[in-house]
Amino acid sequence: MFRPSPYEALQVLPPEERELSWKERLLLASGPLLSWYRREKRDLPWRENRDPYRIWISEIMLQQTRVEAVKPYFFRFFEHFPRISDLAAAPEEELLKCWEGLGYYSRARNIKKAAEILTEKYNGSFPESYGEILALPGIGSYTAGAIASIAFELPVPAVDGNVLRVLSRVTGSFDDILKQSTKKKMEALVSEVIQPGSAGDFNQALIETGAMICIPGGAPLCSQCPFFTVCAARSQGLTEKLPVKTPKKKRKIEEKTVLLLEYQDKIAIRKRREDGLLASLYEFVNVPGQLSAEEAGELLEQEVRPERLPEAKHIFSHVEWHMGGYFISLKEMPETLPGEESGPALFLTWEEIRKEYPVPNAFAVYKKYLDQRYGGEEE
DNA sequence: AAGTCGGGGGA
DNA sequence: TCCCCAGACTT
């Protein structure tokens with residue numbers, strides 16, 4: 001007579017073959033993970049100490065931004081704003097100039113707002129509770145968790161894209177990591193296994209694993225991974241399938257014509273509106289559509305000879321600018337300038353603009369042209 | 001839940 | 001080309 005083994009009857013495998021639960025996987029690996037991190041971690045500027053101000057700024061700069069891109073900005077930032085109170089006192093434009101080229105400029109504006117709150121409400125230092133940190137502008141669940149755990153050793157999760165990728169592979173999860181429900185699940189997992197006393201290192205170790213071992217857009221370096229023995233994706237050959245991410249939408253394309261208007265050796269720029277793309281930054285005069293030299297000339301209502309400039313393409317997250325351009329020397333100052341809402345234009349020397357006014361890199365081709373025409377950085 | 005918000009580096 | 005990066009905020 002057939003009798004199922006106890007394991008079959010219970011629908012479980014014997015311990016050595018049984019699938020581990022997500023919690024067992026994470027708990028078993030946490031020791032090796034911490035040892036690996038403390039041995040192998042990169043020497044990064046924001047890891048010199050646990051000053052919450054430095055941790056904060058680094059975490060904001062690192063949002064959707066690579067480590068190598070952040071480094072020069074990180075150093076320069078603290079030369080300009082050594083203390084939080086310097087940040088609160090500085091004009092927003094000075095902060096934006098310091099942020100020029102880094103992208104996602106609302107981060108800079110939110111830093112200033114938060115600095116004002118820290119200065120006024122918290123006496124220029126950081127609150128030491130997760131909720132109060134989370135309430136600051138520009139700080140969401142990830143950044144709050146990072147600051148709270150790294151600077152203050154609070155046992156809270158800090159789940160970013162790296163951690164989502166690592167955890168989806170280690171636990172063998174097919175949940176779409178772009179969904180916020182998945183992020184919440186993963187935060188709950190980390191909350192259950194994070195060790196008080198090493199929360200900062202634990203979170204950073206997960207992040208470091210994602211950045212160095214369980215890398216995006218390539219085969220993970222499983223042989224070096226602290227999760228090697230417990231990783232579901234590795235043991236089941238699923239590292240190619242995980243993590244699951246839904247495809248993105250296509251970008252819209254916008255045609256523009258950039259006009260470098262010169263009047264008595266000065267160039268026209270104007271401030272962009274305070275909301276939307278590249279908010280509050282400065283730009284060269286431009287109009288929608290690709291204009292011919294004749295059409296461009298007619299906009300100025302005076303006798304001009306537009307010189308054709310190189311075309312340029314700039315890709316943002318969700319929109320693409322295809323730009324043509326003209327350099328136009330004006331004989332007289334026009335009443336109004338062409339452009340969408342035609343805010344008041346400023347005529348300034350290129351030297352002044354380059355030093356003082358934040359002009360985003362979307363205009364890099366035209367900035368470079370002016371560098372050559374008027375002399376910019378020495379070659 | 002879906003859109004918006006930069007820029008650059010690597011496949 | 002396309003993808004993705006130590007995400008947050010608005011709608």
Notebook entry, point to check: Closest to the Leu44(A) side chain: dA6(C), dC5(C), dG7(B)?
Noted result: dA6(C)
Check: Where the side chain of Gln180(A) is defined as all heavy atoms beyond and including C-beta, which of dA6(C), dA8(C), dA1(B) is the nearest nucleotide?
Finding: dA1(B)
Check: Quick one: which of dT1(C), dA6(C), dG8(B) gets closest to the side chain of Val67(A)?
Finding: dA6(C)
Only pairs under 3.5 Å count here: list side-chain donor-acceptor contacts from residues 307-315 of chain A, not counting sequence neighbours, and write none if there are none.
| from | atom 1 | to | atom 2 | distance (Å) |
| --- | --- | --- | --- | --- |
| Arg308(A) | NH1 | Tyr326(A) | OH | 3.3 |
| Arg308(A) | NH2 | Glu311(A) | OE2 | 3.1 |

Margin query: Pairing check on dG6(B): which nucleotide meets the Watson-Crick or G-U wobble criteria with it, both distances under 3.5 Å?
Written below: none
Next item on the list: For dG3(B), take OP1 and OP2 only and decide whether either is under 4.0 Å from a side-chain N or O of Lys250(A).
Entry: no
Check: Counting distance only, does the side-chain N/O of Lys367(A) pair as donor-acceptor with the main-chain N or O of Val359(A) below 3.5 Å?
Finding: yes
Check: Which whole number of Å gives the distance between the C1' atom of dG6(B) and that of dC4(C)?
Finding: 13 Å
Next item on the list: Using the P atoms only, state how far dA6(C) lies from dT4(B), rounded to an integer number of Å.
Entry: 24 Å
Next item on the list: Flag the pair Tyr282(A) / Tyr357(A) as yes when their ring centroid distance falls below 6.0 Å, and as no otherwise.
Entry: yes
Return a table of donor-acceptor pairs under 3.5 angstrom between the side chains of residues 219-234 of chain A and protein atoms on other chains or two or more places apart.
| from | atom 1 | to | atom 2 | distance (Å) |
| --- | --- | --- | --- | --- |
| Arg234(A) | NE | Phe228(A) | O | 2.7 |
| Arg234(A) | NH2 | Phe228(A) | O | 3.1 |

Next item on the list: Check every atom of dC5(C), dG7(B), dA6(C) against the side chain of Tyr105(A) and return the nucleotide holding the closest atom.
Entry: dG7(B)
Check: Any side-chain N or O of Arg165(A) less than 4.0 Å from the OP1 or OP2 oxygen of dC5(C)?
Finding: yes
Notebook entry, point to check: Choosing from dC9(C), dC5(C), dG6(B), which nucleotide comes nearest the side chain of Phe316(A)?
Noted result: dG6(B)
Item checked: Minimum-distance nucleotide (side-chain atoms of Tyr104(A) versus dG8(B), dG6(B), dA6(C)) -> dG6(B)
Notebook entry, point to check: Leu277(A) or Gly217(A): which one's nearest nucleotide on DNA chain B is closer to the 5' end?
Noted result: Leu277(A)
Item checked: Shortest side-chain distance from Lys245(A), nucleotide among dG7(B), dG7(C), dC4(C) -> dC4(C)
Margin query: Quick check: any donor-acceptor pair below 3.5 Å linking the side-chain of Arg107(A) to the base of dC5(B)?
Written below: no
Checklist line | Among dA8(C), dA6(C), dG6(B), the one nearest Thr143(A) by side-chain distance | finding: dA8(C)
